[in-house]
Asker: 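Before I ask anything, here is the structure I am working with.
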Amino acid sequence: MPRWKELPEELDPQVREFTGQLRRLVEHSGLSPAAVADRTGYSKTSWERYLHGRLLAPQGAVLALAEVTGADAGHLLTLWELAERAWSRSEMRRDATMESIQVAQARFALGEYAPDPDRVPAASPSEPPSPPSTGSPSSPPPASSPPPAGRTADPGARQLRRQLRRERMTVWVAGAAGVLLVAVGLLLLALNPSGGGGKKAAAATAPAASAPQSPPPSAPPALPAGVRCTGADCAGKDPNRMGCSGQNAVSPSRGAAGAMRIEVRYSKVCAAAWARVTGAAPGEQITVGADGHSATARTGQGGDGYTPMVTVSGDPAKVTACRTTAAGLRHCAQPAAAKGPATP
């Protein structure tokens, strides 16, 4: 039996449970990782990553392992979907951490070139006057000369001058705006000396002012933990990475042809749907359509695949999902209450 390394401590408990189940299946089958790779079509390096918790096994690899070991594919997929959700949450936390680091770095860099005006140090007091000369009492005191070239002025004074310039600019802009408003008012009075236009405008705006105002739009509902989009924001995106799959999705339509299974996956919280195919041949086309929009993808080497999401605003049972073989044979998912034959 193979000896496994300890799983990473930071691994999510659901991912740890799923990885442990994969290890037990491999141990009970008596197969080595190399033999598992030969029988499932996934490389030995990939299986080593899956079984050591460095990478989450894709759905195709999970189904292939269930077929090789004789395990229940449905139960194994349930564990996989939970682990997939946990893996997406971990990626979100890593992304948030990286964004926080980048924001902190940007703020630090900007702080070096634009210091906070509230933190400008006060100007240093002027130096005391030099003592009078011992020469003739009638000679005037020497005039202060500018600092010699190459000598740096006091940094506090420079900051104070910058702040004064900003304040003067603010006052100037405010004054210019006031002058502009006065000029516009005088121009309106010149164009309407009798004030009739003003009365007409007031009469025209009176009904609008008396009309009841519509309530402000309500804020969008908060999304559940792990869900990263909803509605139009989900169009064209990966349902797994956006947290729309797993327990947030159902299958309103299904279809089968031999070992191939096709289904419409619909997420109410994301208001989106996608097509998922398992057990097909590699390279076959998958298409999903809803509300006049569509998305396509192709199955991987394991014969599994799913499309990006399309927005769904109506009945999810009307979403179409079809798989087209290399020979042009087309199989589509049907709502749970109806099943139809394959269409060429």
Side-chain angles (χ1 to χ4, degrees), residues 92-93 95-132 140-223 227-237 242 270-271 311 313:
M92 289 178 58
R93 287 193 292 269
D95 293 344
T97 301
M98 292 303 299
E99 289 177 0
S100 300
I101 294 175
Q102 293 173 356
V103 168
Q105 291 175 344
R107 287 175 176 171
F108 178 77
L110 291 174
E112 291 182 349
Y113 299 102
D116 189 352
D118 297 333
R119 299 183 180 180
V120 174
S124 58
S126 58
E127 296 179 1
S130 58
S144 60
S145 60
R151 181 179 177 182
T152 305
D154 182 71
R158 285 202 305 271
Q159 296 290 350
L160 184 60
R161 284 196 296 272
R162 292 195 192 101
Q163 186 175 0
L164 292 175
R165 281 198 297 270
R166 285 195 294 268
E167 292 176 354
R168 285 197 296 268
M169 179 61 68
T170 303
V171 173
W172 184 88
V173 171
V179 172
L180 182 60
L181 289 176
V182 172
V184 171
L186 293 175
L187 180 61
L188 292 176
L189 290 176
L191 294 176
N192 299 280
S194 62
K199 294 180 181 179
K200 292 180 181 179
T205 56
S210 61
Q213 297 182 355
S214 59
S218 58
L223 297 177
V227 178
R228 306 175 66 179
C229 71
T230 184
D233 293 338
C234 293
K237 295 182 179 178
M242 293 296 106
C270 295
T311 304
S313 59

Asker: Do C270 and V227 make a side-chain contact, defined as non-hydrogen atoms from C-beta onward lying under 4.5 Å apart?
Answerer: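 The answer is yes, as the side chains (C-beta and beyond) meet within the 4.5 Å cut-off.
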Asker: Can you tell me how far the CZ atom of R228 sits from the CE atom of M242, to the nearest 0.5 Å?
Answerer: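 Result: 4.5 Å between the selected atoms.
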Asker: I need the minimum non-hydrogen distance between A232 and T311, along with the two atoms involved.
Answerer: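 Smallest interatomic distance, heavy atoms only, reads CA-OG1, 3.6 Å.
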Asker: Nearest 0.5 Å, please: how far is CG in L223 from CG in D233?
Answerer: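 So the gap between those two atoms works out to 9.0 Å.
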